[in-house]
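As a basis for the values below, the full set of heavy atoms in this structure was taken, side chains included, without hydrogen atoms, waters or symmetry mates.
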Amino acid sequence: MPLLTRAEELILLAILKLKDNAYCVPILDHIVEISEEKWTLGGIYVPLNRLEKNGLVISKLGDPIPERGGKSKRYYNLTSAGLKALEKMKRV
């Protein structure tokens with residue numbers, strides 16, 4: 001497994017920290033807080049999709065929310081491969 005990019009590592013760490021509340025906005029807020037840098041939602045969508053494609057995270061849609069016009073939030077969770085990737089980065 002290749003090493004993670006900085007963005008991927010921060011996203012995985014945010015998902016790990018947020019547990020069941022890991023959807024795009026809290027993930028972005030947490031990354032901005034811990035990195036003290038400006039990030040955009042677009043800046044996390046591409047790495048999130050790549051992480052899911054590589055099997056490091058899985059996602060599921062929550063229930064539709066009236067406040068969001070009936071749209072659902074997409075929640076993310078780490079897989080065992082995602083945890084192993086973080087452990088590898090820690091050793092590096």
Side-chain angles (χ1 to χ4, degrees):
M1 169 184 355
L3 292 177
L4 300 169
T5 66
R6 180 171 184 264
E8 291 169 338
E9 182 179 12
L10 289 174
I11 290 169
L12 289 179
L13 288 169
I15 293 170
L16 181 65
K17 169 83 173 170
L18 293 167
K19 296 181 173 57
D20 293 334
N21 196 35
Y23 62 95
C24 286
V25 173
I27 292 170
L28 172 67
D29 292 344
H30 186 71
I31 291 172
V32 168
E33 180 182 329
I34 63 174
S35 70
E36 298 179 350
E37 297 174 2
K38 281 190 165 186
W39 286 68
T40 63
L41 278 174
I44 65 168
Y45 280 123
V46 171
L48 261 175
N49 288 334
R50 188 171 50 242
L51 288 167
E52 188 167 23
K53 180 182 172 190
N54 291 334
L56 302 180
V57 299
I58 55 172
S59 68
K60 65 178 179 179
L61 288 175
D63 295 328
I65 301 171
E67 294 86 9
R68 296 188 51 171
K71 292 185 178 181
S72 300
K73 295 177 185 175
R74 180 167 295 279
Y75 292 90
Y76 294 89
N77 288 322
L78 293 181
T79 63
S80 59
L83 284 171
K84 287 178 186 174
L86 280 176
E87 290 170 1
K88 181 177 181 179
M89 291 303 291
K90 185 177 179 181
R91 284 192 308 270
V92 169

Could you report the tightest heavy-atom contact between [X] and [Y], atom names first, then the distance?
X	Y	result
Cys24	Leu48	SG-CD1, 3.9 Å
Gly55	Ala81	O-CB, 3.8 Å
Ile15	Tyr76	CG2-O, 3.6 Å
Ser72	Pro64	OG-N, 3.4 Å
Ile44	Ile11	O-CD1, 3.8 Å
Leu3	Met89	CD2-SD, 3.7 Å

Residues at least two apart in sequence or cross-chain that pass side-chain contact (heavy atoms from CB on, under 4.5 Å) with Val25, listed by chain then number, are Tyr23, Asp29
Taking atom [atom1] of [X] and atom [atom2] of [Y], what is their separation to the nearest 0.5 Å?
X	Y	atom1	atom2	value
Leu10	Thr5	CG	OG1	8.5 Å
His30	Lys17	NE2	NZ	6.0 Å
Ile58	Leu51	CD1	CG	13.0 Å

Partner residues of Thr79 under the side chain to side chain donor-acceptor pair (under 3.5 Å) criterion, sequence neighbours left out:
none
If the condition is side chain to side chain donor-acceptor pair (under 3.5 Å), which residues does Glu33 pass it with, not counting sequence neighbours?
none
For Glu36, is the CD atom crowded, meaning more than 12 foreign heavy atoms sit under 6.0 Å from it?
no
Strictly distance-based, threshold 3.5 Å: is any side-chain N or O of Glu52 a donor or acceptor partner for the main-chain N or O of Ser59?
yes
Side chain proximity check, Leu13 to Ile31, heavy atoms < 4.5 angstrom
no
